[in-house]
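These notes concern the structure reproduced below.
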Amino acid sequence: MPRDRFLVTIEGRDVELSNLDKVMYPAAGFTKGEVIDYYTRVAPVMLPHLRNRAVTRIRYPNGVDEAHFFEKNKPGGTPSWVRLETLPVPGSTKSRETIDFVVVDELATLVWLANLAAIELHTPQWRIGAGPDLLVVDLDPGAPAGLHECCAVAVLMRDRLAADGIAAYPKTSGKKGMQLCCPISGTQSSETVSAYAKRVAEELAKMVPGSITAKMARQLRPGKIFIDWSQNAAAKTTVTPYSLRAGESPTASTPLTWDEVVAMATGEMPSWQCGAAETLQRVETHGDLLADILQPGPAVPT
């Protein structure tokens, strides 16, 4: 085996690691070894959010400044112990078209993907064989609006959803905006969930038209927060909690407390996207702030 490759055994699985010194985030000097270390350390809280969901990867073989690609199908050389699920292609009009999706149910699979430079992991709002058990509200700021404004809209959305008995849990996107994750019953179709999310988004946009839009058109977004209700479509995925994001520095999609969201909204504390090291520190302090979304919630109103 070449000197830059070696085998490690993780919970009885043999995983080949390679090129650990390769820089993945050039501006920060953050290496592939550090990416693997981050995912290994965050795994106890991240794996429950990956488990039993088909994962889409965004791979950056030569670092975040170079070419990247989305990957849904199993990669070449997938070890025999990696769990695969053959599922219909989401959104495909060809009923027979399927993909062998990777399912990250264990630490070894997570480390194996990190070694393949799968920096970002994205998952759907449904578990394999079930309906959507998460309603996701994606809050996307149009410049000059930013995370500060997202937080103000998040509080409005939280209170509106609570009126229907739906609890919302906030996390940063790791890029510009944030998402609210809402546990729901898993007994309704994605069309029903998406229609409800759209209805609520349009209601808030009508209430605060100067700050919120529920329309897709990009020319309507500058200075506003776009409430992206379409994330709940069957073909969509959302960045998984604790996933790293590709950018200048290694940020992560990090759970927040509502006290922090309110403080960012009011300007009592600066708004920030959380780095990898800080995310790990927060896990040590708080545990998984999104643990409650792993349990079923109510059905959405129809």
Side-chain angles (χ1 to χ4, degrees), residues 8 10 15 17-51 53 55-66 68 70-71 102 104 106-123 138-139 146-147 150-151 169-179 181 237-257 260-261 264 269-291 293:
V8 296
I10 302 171
V15 183
L17 303 182
S18 61
N19 300 315
L20 298 187
D21 293 334
K22 179 183 279 190
V23 176
M24 293 285 104
Y25 293 81
F30 200 80
T31 66
K32 189 164 81 165
E34 289 174 296
V35 169
I36 293 170
D37 177 68
Y38 169 80
Y39 276 122
T40 300
R41 293 168 63 190
V42 85
V45 292
M46 186 178 189
L47 283 173
H49 297 285
L50 288 163
R51 195 164 286 130
R53 297 183 194 270
V55 68
T56 297
R57 292 86 62 196
I58 309 181
R59 290 174 58 182
Y60 294 79
N62 296 303
V64 299
D65 290 348
E66 302 296 331
H68 65 276
F70 286 77
E71 186 176 63
V102 171
V104 184
E106 56 182 315
L107 175 59
T109 307
L110 185 58
V111 171
W112 168 68
L113 287 178
N115 185 66
L116 294 179
I119 286 177
E120 295 194 13
L121 304 180
H122 296 244
T123 37
D138 189 25
L139 302 176
L147 185 58
C150 283
C151 287
Y169 296 83
K171 69 180 179 76
T172 66
S173 69
K175 288 203 167 177
K176 297 181 298 178
M178 64 186 295
Q179 287 112 20
C181 302
T237 60
T238 303
V239 63
T240 308
Y242 304 104
S243 172
L244 291 174
R245 303 304 304 269
E248 190 169 309
S249 62
T251 54
S253 181
T254 307
L256 301 171
T257 68
E260 289 173 324
V261 174
M264 289 186 203
M269 66 181 285
S271 54
W272 40 259
Q273 296 287 348
C274 209
E278 189 178 2
T279 299
L280 291 170
Q281 290 169 357
R282 290 174 62 82
V283 169
E284 283 192 22
T285 301
H286 299 293
D288 182 13
L289 288 170
L290 294 181
I293 74 170

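Side-chain contact, Ser253 with Ser243: no donor N or O sits under 3.5 Å from an acceptor N or O. Thr254 and Thr279 share a donor-acceptor pair across their side chains, judged by distance under 3.5 Å alone.
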Please tabulate, one pair per line, all N/O donor-acceptor pairs under 3.5 Å involving side-chain atoms of residues 18-26, not counting sequence neighbours.
from	atom 1	to	atom 2	distance (Å)
Ser18	OG	Lys32	NZ	3.4
Lys22	NZ	Pro61	O	3.1
Tyr25	OH	Arg245	O	2.7

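The nearest pair of heavy atoms linking Leu121 to Leu110 is CD1-CD1, 3.6 Å. The minimum heavy-atom distance between Val15 and Ile10, with the atom names listed, is CG2-CD1, 4.0 Å. Residues Val45 and Gly287 come closest through the heavy atom pair CG1-C, 4.3 Å. Closest approach of Met264 and Pro270 over heavy atoms only: CG-O, 3.8 Å. Looking at every heavy atom in both residues, Val104 comes nearest to Leu50 through O-CB, 3.6 Å. When all heavy atoms of Leu244 and Ala276 are compared, the pair lying nearest together is CD2-CB, 3.9 Å.
Residues forming a ring-ring contact (aromatic ring centres under 6.0 Å, His included) with Tyr60 (at least two apart in sequence, or on another chain): His68. Residues satisfying the salt bridge (charged side-chain N to carboxylate O under 4.0 Å, His left out) test with Arg51, not counting sequence neighbours, are none.
No donor-acceptor pair under 3.5 Å is formed between the side chain of Thr251 and the backbone N or O of Cys274.
Between Arg59 and the choices Glu120, Glu71, Glu66, the salt bridge (charged side-chain N to carboxylate O under 4.0 Å, His left out) rule is met once, by Glu71.
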Test log, rule side chain to side chain contact (heavy atoms under 4.5 Å, CB included), inputs Leu113 and Arg57: CA-CA 8 Å; Leu113 287 178; Arg57 292 86 62 196; 4.0 Å; yes
Residue pair Tyr169, Leu289: steps toward the side chain to side chain contact (heavy atoms under 4.5 Å, CB included) verdict: CA-CA 8 Å; Tyr169 296 83; Leu289 288 170; over 6 Å; no
Side chain to side chain contact (heavy atoms under 4.5 Å, CB included) between Gln179 and Thr172, worked out: CA-CA 6 Å; Gln179 287 112 20; Thr172 66; over 6 Å; no
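Using a 4.5 Å heavy-atom cutoff, the side chains of Met46 and Pro241 are not in contact. Between Met178 and Ser173 there is no side-chain heavy-atom pair separated by less than 4.5 Å. Put simply, the side chain of Leu147 reaches to within 4.5 Å of the side chain of Gln273, judged on heavy atoms. The side-chain heavy atoms of Asn115 and Val111, taken from C-beta on, include no pair separated by under 4.5 Å. Contact annotation: the side chain of Arg41 approaches that of Asp37 to within less than 4.5 Å [non-hydrogen atoms, C-beta and beyond]. No side-chain heavy atom of Ile58 sits under 4.5 Å from any side-chain heavy atom of Ile119. No side-chain heavy atom of Leu107 sits less than 4.5 Å from a side-chain heavy atom of Thr109. Counting heavy atoms from C-beta on, the side chains of Tyr38 and Tyr242 come closer than 4.5 Å.
Here Glu260 pairs with Arg282 in a salt bridge; the nearest charged N to carboxylate O distance falls below 4.0 Å.
Distance check, rounded to the nearest 0.5 Å: OG1 of Thr123 to NE2 of His49 gives 9.5 Å.
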